[in-house]
Amino acid sequence: MISGSTGILGVIGDPVQHSASPAMHNAALTATGLNFVYVAFHVLPKRVPEVTEAMRALQIRGLNVTVPYKQAVMEHLDEISPEAATIGAVNTIERTPEGRLIGHNTDAYGITASLREDGGLQHLPEQVVLLGAGGAARAILYALLQAEEVKDVVLVNRTVARAEALAGELDTSGRTRVCSPQDLAIDGARLLINSTSVGMSPDAEVSPLADDSVLHNDLVVVDIVYRPLHTRLLQQAQKAGARTVDGLGMLAHQGARSFEIWTGTKAPVAIMRETLENIASSN
Ligand code: ATR
């Protein structure tokens with residue numbers, strides 16, 4: 001029940017009406033009995049500078065930030081977490097009780113938690129293959145390099161120069177090797193993550209891996225694409241006997257972390273995941 005003391009959470013983006021975050025977070029709020037609602041705000045580019053003023057004026061407790069504003073909001077915040085600063089993107093804004101606006105990035109946490117909980121990887125393997133060098137790859141490469149046990153990341157991208165730039169920016173320990181899709185050999189890698197948009201509906205018949213003979217049964221294969229849920233890459237992986245992790249894991253876990261930042265309450269991640277699955281199966 002919405003009352004006079006109901007707090008507000010939300011997401012800003014353009015477009016935003018297809019976001020699954022309102023359903024996911026409202027399910028979590030209902031399950032935990034917290035007196036908040038979570039709504040989607042369609043914000044036009046020229047109004048982005050006003051979002052932080054609106055948060056302060058309306059005492060909005062927190063916002064998620066989605067495409068295309070993850071960088072654009074940064075200059076308007078009072079503080080950026082070290083993680084968000086290194087990744088170079090904010091997906092979560094927290095308004096503290098004192099009214100300070102802090103930018104966080106929960107995507108790196110999201111992939112790590114999904115690898116652990118959905119992929120069964122308490123410790124990450126020494127060698128990892130990461131496909132892609134765009135916005136999603138930034139948070140994932142950051143997360144991989146945070147894990148000391150990861151000794152070697154093979155960063156594969158169609159535009160090799162973009163992968164080189166990303167590795168140069170994020171990797172200060174020289175653990176990232178860049179290679180083109182044509183030269184990809186999986187060798188000793190036990191984990192392969194697709195962070196490209198290849199295979200996303202309506203191009204669901206394509207895979208970011210042209211040659212699926214590189215896959216083997218000792219791999220965990222993660223696809224962050226979740227439309228469709230069972231992507232061509234995950235089908236190839238399953239055929240090769242590899243363990244597969246779909247893109248709803250990272251989405252649920254990044255949302256759970258945002259929820260915890262705003263509410264201080266442990267997020268019901270299983271309920272959040274189930275809500276996402278229901279949306280995916282009704283699409
Ligand atoms: P996001 O924020 O979702 O990561 P992005 O920053 O546009 O989106 O990055 C998209 C990623 O998918 C990039 O790695 C891109 O490769 P390029 O850097 O070479 O553009 C990759 N990608 C998109 N379409 C692709 C395609 N048809 N073939 C190969 N890679 C593709």
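Predicted model only: the values in this text are computed from it and were never measured. Order of listing sets the numbers, starting from 1, for every ligand and every atom in it.
When the side-chain contact (heavy atoms from CB on, under 4.5 Å) test is applied to Ser207, the partners found at least two apart in sequence or on another chain are Leu209, Arg232, Leu233, Gln236. Every residue two or more places apart in sequence or in another chain that forms a side-chain contact (heavy atoms from CB on, under 4.5 Å) with Ala252 is listed here: Val269, Arg273, Leu276.
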Put together the list of close N/O pairs, under 3.5 Å, between ligand 1 and the protein, could you?
residue  : atom   : partner : partner atom : Å
ligand 1 : 2 (O)  : Gly135  : N            : 3.4
ligand 1 : 4 (O)  : Gly135  : N            : 3.0
ligand 1 : 4 (O)  : Ala136  : N            : 3.0
ligand 1 : 6 (O)  : Gly135  : N            : 3.0
ligand 1 : 6 (O)  : Arg162  : NH2          : 3.1
ligand 1 : 14 (O) : Ala133  : N            : 3.0
ligand 1 : 14 (O) : Asn157  : OD1          : 2.7
ligand 1 : 16 (O) : Asn157  : OD1          : 3.3
ligand 1 : 18 (O) : Asn157  : ND2          : 2.8
ligand 1 : 18 (O) : Arg162  : NH1          : 2.8
ligand 1 : 19 (O) : Arg158  : NE           : 3.1
ligand 1 : 19 (O) : Thr159  : N            : 2.9
ligand 1 : 19 (O) : Thr159  : OG1          : 2.5
ligand 1 : 20 (O) : Arg158  : NH2          : 2.8
ligand 1 : 27 (N) : Arg158  : NH1          : 3.4
ligand 1 : 28 (N) : Arg158  : NH1          : 3.4

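No side-chain N or O of Asn91 forms a donor-acceptor pair with one of Thr66 less than 3.5 Å apart.
Ring-centre distance between Trp262 and His25: below the 6.0 Å cut-off.
Asn26 CG to Met272 CE: the interatomic distance, rounded to the nearest 0.5 Å, is 10.0 Å.
When hydrophobic residues (I, L, V, M, F, W, Y) are linked wherever their side-chain heavy atoms come within less than 4.5 Å, Ile102 remains an isolated member.
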